[in-house]
Amino acid sequence: MAIFSEHPTIAQLGEKEILDALKSISDPDRGKDIVSLGMVSGLQVKDGHVVFAIEVDAERGPALEPLRQTAEKTVHALPGVISATVVLTAERPPAPAGAPPPGAPHPGGAPHPGGAPRPADAPLMPGVKAIIAVASGKGGVGKSTTAVNLALALAADGHGVGILDADIFGPSIPRMLGIPGRPGSSDGTKLDPMENHGVKCMSMGFLVDEETPVVWRGPMVMSALEQMMRDVAWGELDVLVVDMPPGTGDAQLTMSQRVPLAGAVIVSTPQDIALADARKGLNMFRKVDVPVFGLIENMSYYVCPKCGERSEIFSHGGAKREAERLETDFLGEIPLDIAIRETSDSGRPIVIDQPDSPHAEAYRKIAEKIWERIEAGAEEGPKIVIQ
Ligand code: ADP
């Protein structure tokens, strides 16, 4: 990503041109070109934005970074290419989750419990003061809805806010923020984040269609995420909210290890508290030394849109009890209300569309607690140092 042609208007670039160009690149170990070796997969071309993966054996991954860069540069040099995103992908993650490279630096400066070695102290996003993850044990619990409303609530409080849609399997933030189109580049080297309602945003959804099934595997998630941080002109931000992919598998664990997170919040519904999914999420972050700011119970209770009556349709209150048991904070509850769905579906989440509603107030209260935790953490020392 973020490698740009000076002539993006030169039209019609197809898969064939890209594959032809890639035939000039050889796998250094196997001596044949990467196309003939069947290493190029998931090629997508959309309005001058090119995305594909190079499949490699997991253990060769780190050594093939120069190959990835060459592929990216080669594709970018083609007329009509605005951006090229190339990632290395493998069947298995390159290292067992949690395996620490000795002495790898950590966001706070201490040795990090995991993650790949990188150039020491190179800031990934020098202007971003804090990164927080919004995570969930499984999909469909309202993680993205929560992330977007919290980002807007933080912005409404006067903070400089960005949101990074790392849920590359189902990127929904562009739709929720009402941002159509594709990112461009003003400096010719980095992608400009998209922006609406005062929040900057980058998402794989801008580069691939929402309907396109993304079949790329775990390691690609990490590469894509890294590029969305490193190769985007985020500028100065107080906080970057990362909407994580759902679940607590290897991809999520790798991501929590490698992104310099100031903290994480876990969204769950009353039902999945019972299923212990949230607990898994919490343990995942603890395992990699990321402070968990607390749990948010979404779809906590039902408010009748006609009479305003509140009903506890699920066994409401589970998150509060679970938070106590797990010795983490309970950050708040958000009701199940059709207005929350409709407003985010229409690109104007409830914090923007109905700022005086009790639901917007609930998001703002949670955002305040998160901000307090970020500030408390910031006093302990700098967080944004590459791992
Ligand atoms: P996830 O990111 O966990 O997959 P989403 O945020 O995409 O979940 O939410 C899934 C669906 O549930 C969306 O249609 C969303 O509008 C809806 N939704 C989320 N939270 C609420 C809520 N509190 N009340 C009503 N609908 C909600």
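Keep in mind that this is a model prediction, so the values were computed, not measured. Whatever order the structure lists ligands and atoms in, that order sets their numbers, starting from 1.
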Are any of the side-chain nitrogens in Asp238 or Lys129 under 4.0 Å away from the carboxylate oxygens of its partner? yes

Flag the pair Lys143 and Asp243 as a salt bridge only when some basic side-chain nitrogen lies within less than 4.0 angstrom of an acidic carboxylate oxygen. yes

Report the residues that fulfil side-chain hydrogen bond (donor to acceptor under 3.5 Å, both in side chains) with Arg230, sequence neighbours left out, ordered by chain and then residue number. none

For each nitrogen or oxygen atom of ligand 1, which protein N/O atoms lie closer than 3.5 Å, and how far apart are they, rounded to 0.1 Å?
{"unit_1": "ligand 1", "atom_1": "2 (O)", "unit_2": "Lys143", "atom_2": "N", "d": "3.4"}
{"unit_1": "ligand 1", "atom_1": "2 (O)", "unit_2": "Ser144", "atom_2": "N", "d": "2.8"}
{"unit_1": "ligand 1", "atom_1": "2 (O)", "unit_2": "Ser144", "atom_2": "OG", "d": "2.9"}
{"unit_1": "ligand 1", "atom_1": "3 (O)", "unit_2": "Gly140", "atom_2": "N", "d": "3.3"}
{"unit_1": "ligand 1", "atom_1": "3 (O)", "unit_2": "Val141", "atom_2": "N", "d": "3.0"}
{"unit_1": "ligand 1", "atom_1": "3 (O)", "unit_2": "Gly142", "atom_2": "N", "d": "2.9"}
{"unit_1": "ligand 1", "atom_1": "3 (O)", "unit_2": "Lys143", "atom_2": "N", "d": "2.8"}
{"unit_1": "ligand 1", "atom_1": "4 (O)", "unit_2": "Gly140", "atom_2": "N", "d": "2.9"}
{"unit_1": "ligand 1", "atom_1": "6 (O)", "unit_2": "Ser144", "atom_2": "N", "d": "3.3"}
{"unit_1": "ligand 1", "atom_1": "6 (O)", "unit_2": "Thr145", "atom_2": "N", "d": "2.8"}
{"unit_1": "ligand 1", "atom_1": "6 (O)", "unit_2": "Thr145", "atom_2": "OG1", "d": "2.5"}
{"unit_1": "ligand 1", "atom_1": "8 (O)", "unit_2": "Gly142", "atom_2": "N", "d": "3.0"}
{"unit_1": "ligand 1", "atom_1": "20 (N)", "unit_2": "Asn298", "atom_2": "ND2", "d": "3.0"}
{"unit_1": "ligand 1", "atom_1": "23 (N)", "unit_2": "Asn298", "atom_2": "OD1", "d": "3.0"}
{"unit_1": "ligand 1", "atom_1": "23 (N)", "unit_2": "Pro335", "atom_2": "O", "d": "2.8"}
{"unit_1": "ligand 1", "atom_1": "24 (N)", "unit_2": "Asp337", "atom_2": "N", "d": "3.1"}
{"unit_1": "ligand 1", "atom_1": "24 (N)", "unit_2": "Asp337", "atom_2": "O", "d": "3.3"}

Not counting sequence neighbours, which residues clear side chain to side chain contact (heavy atoms under 4.5 Å, CB included) with Glu361? List them please. Arg364, Lys365

Mind jotting down which residue pairs meet the salt bridge (charged side-chain N to carboxylate O under 4.0 Å, His left out) criterion with at least one end in residues 75-88? Sequence neighbours excluded, please. none

Does the pair Arg175/Asp345 count as a salt bridge with the N-to-O cut at 4.0 Å? yes

